[in-house]
2 protein chains.
Amino acid sequence: MSTDKLSRPGSHLLNAESTSGIVGYRLRRAQLSVFQRFLAVFDELDLRPAEYAMLLLIADNPGRRQNEIADALGIKHANFVGLVQGFDGRGLIERRPAAGDRRAKALYLTPEGSAFLARAHEVHDRLEASMVAALGGESERDILLGLLDRLS
Amino acid sequence: MSTDKLSRPGSHLLNAESTSGIVGYRLRRAQLSVFQRFLAVFDELDLRPAEYAMLLLIADNPGRRQNEIADALGIKHANFVGLVQGFDGRGLIERRPAAGDRRAKALYLTPEGSAFLARAHEVHDRLEASMVAALGGESERDILLGLLDRLS
DNA sequence: CACTATTGTTATATGAAATAACAAACGCGT
DNA sequence: ACGCGTTTGTTATTTCATATAACAATAGTG
């Protein structure tokens, strides 16, 4: 599963003038490219982009209910169940009954989860650094993030 | 199917510090948001982002073979067949036997296809203008496109 | 001419995301 | 305390995009 072939589209041959000015198109291309690299780098950790974001969010907000985390990530509750069960099964997170509501489950990182996230964080830092380098520097990265936010 | 609810994720409530600095995450968010708007605006034309790009590419490169267009768009040949058949069925494109190769099919826009694309182009121009406005101006748009390319 | 590669195609598998229905628990109003 | 709509987490199902496999017809090459 490592080092997938990266199907580089669009690159040559055809006149792509008309698509070149389209924000949405270029956005999608860049996003796909970045995700491809993410998947390649995180292959050994068996961690997908959305899952990494999920762990980060739980680490930042321990004890929040499952649905709160799902909402913050923009994931439907039903689809979030599988993610939670997966990480629970891997021993990386813990579902504890929430205080004051016997329906709700509060999410926490286990010690193993914290350790795992630390490793993931290192891997991601390297990836992020390579992207900053591609962008030309920290300031360019900040400019990009600012512009992206205005589109969201 | 019109005016879908736009599930705005992430917005409030939780501490999202850790995800805020991640290029890939913000990229995905922006891309989703832009595509949502695209889908809403193009709802009446029954045209998806990839389909619009496809028509533009055929308009720019009339007579190219099916697989060339598919490659340029980064779409697998097998999956492109359905798209082509769809537009052929709508009378917007035409598949003609390619000169010199009886296997290949050369793609052209029909007159109806050109008219349709012209309408789509108008709709898209308005969408693009609104995004440029959100970004703060033409120059910001160009900066964004430049940065996105460096990531691709 | 024999063999391999390419073109378009069908059928199928995989994976993400949306929807529907549900039981358990909550909380509100009376 | 009761009844009733709502929320939480869950399962099952659907839809949709994309990936893979196999195939017939044609092309090109040694």
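Hydrogens, waters and symmetry mates are skipped; everything else that's a heavy atom, side chains included, is used. A note on names: the letters A, B, ... follow the listed sequences, proteins ahead of strands, and every chain is numbered from 1.
Contact annotation: Gln85(B) does not reach the phosphate of dG8(C) (side-chain N/O to OP1 or OP2, under 4.0 Å). Contact between the side-chain N/O atoms of Arg102(B) and the OP1/OP2 oxygens of dA25(D) is not found at any separation under 4.0 Å.
Distance CD/Gln66(B) to CG/Leu83(B): 9.5 Å, rounded to 0.5 Å. Taken from CZ in Arg150(B) to OG in Ser152(B), the straight-line distance is 12.0 Å, to the nearest 0.5 Å. Annotation: the span from Leu45(B) atom CG to Tyr52(B) atom OH amounts to 10.0 Å, rounded to 0.5 Å.
Checked against dG15(C), dT19(C), dT9(C), the side chain of Arg48(A) finds its nearest nucleotide in dG15(C).
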Under-3.5 Å N/O pairs linking protein and nucleotides 1-7 of chain C:
{"residue": "dT6(C)", "atom": "O2", "partner": "Arg103(B)", "partner atom": "NH1", "Å": "2.2"}

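To the nearest angstrom, P of dG9(D) lies 10 Å from CD1 of Ile69(A). One atom, CE of Met54(A), and another, P of dA17(C), lie 13 Å apart when rounded to the nearest Å. Lys76(A) has its NZ atom 15 Å from the P atom of dT8(D), to the nearest Å. Phe80(A) has its CZ atom 13 Å from the C1' atom of dT8(D), to the nearest Å. Here dT8(D) presents its C1' atom at 16 Å from CZ of Arg64(A), a figure rounded to the nearest Å.
At a cut-off of 3.5 angstrom, counting only N and O atoms as typed in the model, there is no donor on one side facing an acceptor on the other between the side-chain of Asn79(B) and the base of dA17(D).
Contact annotation: the side chain of Gln85(A) approaches that of Arg95(A) to within less than 4.5 Å [non-hydrogen atoms, C-beta and beyond]. Two residues are said to be in side-chain contact when any heavy atoms from C-beta on lie closer than 4.5 Å; Val34(A) and Tyr25(B) fail this criterion.
Arg141(A) and Glu138(A) are joined by a salt bridge, as a carboxylate oxygen and a charged side-chain nitrogen come within less than 4.0 angstrom of each other.
Judged by the 6.0 Å and 45° rule, Arg28(A) forms no cation-pi pair with Phe35(B).
Of all the residues in residues 88-96 of chain B, not one reaches under 4.0 Å from DNA chain D with any non-hydrogen atom.
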